[in-house]
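Structure record follows, encoded as structure tokens.
Hydrogens, waters and symmetry mates play no part in the numbers below; they use all other heavy atoms, side chains included. Just so we're on the same page: letters track the sequence lines, and every chain starts at 1.
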Amino acid sequence: MEYARLLSDAITIGEKMLCSGAEVSRVEDSIVRICSAYGASRVDVFTITSSIVVSADFDGKTYTQTRRIKSYRTDLDMLDRLNNLSRFICAKKPDGEYVEKHISEILGKKDYSTPFQLFAHFLTSGAFTVFFGGSLFDGIVSALIGALLLLCVIFIDRKGINKVFSNLFSSFVITVLATIFVKLGLGDSADKIIIGNIMLLIPGLALTNSLRDLIGGDIMSGVLRFLEACLVAVGIAGGYFAAVFVMGGAV
Amino acid sequence: MMNALVGILTAMLGTLGFSVVFRSKREHIFAVSVGGALSWAAYLASALLFESEPTCYFIASAVVGIYAEVFARILRTPTTNIFAVAVLPLIPGGALYYTMRYAVIGEWDSFLSQGSVTLGIAIAIALGILTVSTLVTVVTSSRLYHRLSEKARMLYREHPDK
């Protein structure tokens, strides 16, 4: 098997794992295992959230490849499949064609249908509003806003707007809608409605993951993810601020 | 008591919804939803024993960590796949919101104190899962574990690997 092609396939698997939500250490580990399974005498992987660099020694020659990573989209199903594929590759050492066929199969897998995702957003924002102390009424209003938010997110994704601004826009929409609903007398506390919906945007998970990377030893990735989480929070705060300004007075 | 039950139930429903948002595998949805309920139940239980909030979050995160490690092995999936969703009820979404709100309305003293609370919770959660994963690494690299897992594999040989 051609080593350059093998290396490129291994990086593709690592790249997609990283995009779909794997930790940096898992990505590095998978790439090292795959290359070693095909007989690399030495593999060095350096991964940060935006790039992967791999050097591998095969038969006395060193092959190096770099991959730049630009967008993320949490997809745990994809991560699970890629993880299984990488285990299978290490155990059975299939040829490049087989690997590439399976990679493209995984990348082309079907997503959950839009109505199902709408229902999920509906459920998530409603449940978290009640969870954070809102009334049942707040929960229902929040669930409706949550479903609207998904449509908003789909629209933004299509336009490819940068992350800070897309969060700014979403949080603006949430805050305005929540304030309007409460002013109309539907729902009791706007802040609980906003919190339930913001859970869908919030970098809370990113913040926790970044600290996990940082304390766990992947300092570079940790710092980058931490800054990213802060930037997203700034975006959300910006949207909130704009909405408060437009609606007149903080809720 | 009623509040606790509502909290646990909504935590479960919230994680159920989030498992679709994060595109969990269909077969994992039930396990992660139960994990979400467990995470909040663990928090409430530890809140009965300890005063300090970060301690409670640390314990709850460790409990979810153990749950995730166990179910990741049963379902043959990376631990993150279970943990990332099941931990969501612990994520300081509300605290982060209030931090941001104080910044927007210009109450900087409250912003700083609320901000440090938020950061403290996030650090506690991160430490909780890291402690568990470190312990798991120590255990799974031991000889006894290898012998036991070899035996388990022999027992389950009739079920072919995925």
Next item on the list: State whether A:R225 and A:E228 are salt-bridged, where the test is any N-O pair (Lys NZ or Arg NE/NH1/NH2 against Asp/Glu carboxylate O) under 4.0 Å.
Entry: no
Margin query: Check A:K109 with A:E105, please: is the shortest side-chain N to carboxylate O separation under 4.0 Å?
Written below: no
Given heavy-atom pairs under 4.5 angstrom as the criterion, report whether the side chain, backbone, both or neither of [X] touches chain A.
| X | value |
| --- | --- |
| B:I129 | side chain |
| B:I29 | side chain |
| B:L13 | both |
| B:A11 | both |

Under the side chain to side chain donor-acceptor pair (under 3.5 Å) test, residues paired with [X] that sit two or more places apart:
| X | value |
| --- | --- |
| A:Y98 | A:H102 |
| B:T118 | B:T99 |
| B:Y102 | none |

Note to self: Are there residues of residues 128-146 of chain A whose heavy atoms fall under 4.5 Å of chain B's heavy atoms? If so, which?
What the structure shows: A:F128, A:V130, A:F131, A:F132
Next item on the list: Mind ranking A:A237, A:G126, A:G238 by heavy-atom pairs under 4.5 Å with chain B and telling me who comes out on top?
Entry: A:A237
Item checked: When A:T124, A:I215, A:V234, A:L200 are compared by non-hydrogen pairs under 4.5 Å with chain B, the top option -> A:T124
Next item on the list: Counting only heavy atoms closer than 4.5 Å, note whether A:D111 contacts chain B via side chain, backbone, both or neither.
Entry: side chain
Next item on the list: Below 4.5 Å from any heavy atom of chain B, which atoms of A:D75 appear? Answer side chain, backbone, both or neither.
Entry: both
Next item on the list: Count the heavy-atom pairs under 4.5 Å between each of B:R23, B:M12, B:R26 and chain A, then report the option with the highest count.
Entry: B:R23
Item checked: Shortest non-hydrogen contact between B:V132 and B:A62, atoms and distance -> CG2-O, 3.3 Å
Just so I know, are the side chains of [X] and [Y] near enough to count as touching, which here means a heavy-atom distance under 4.5 Å?
| X | Y | value |
| --- | --- | --- |
| A:L231 | A:L227 | no |
| A:S189 | A:V182 | no |
| A:R33 | A:R87 | no |

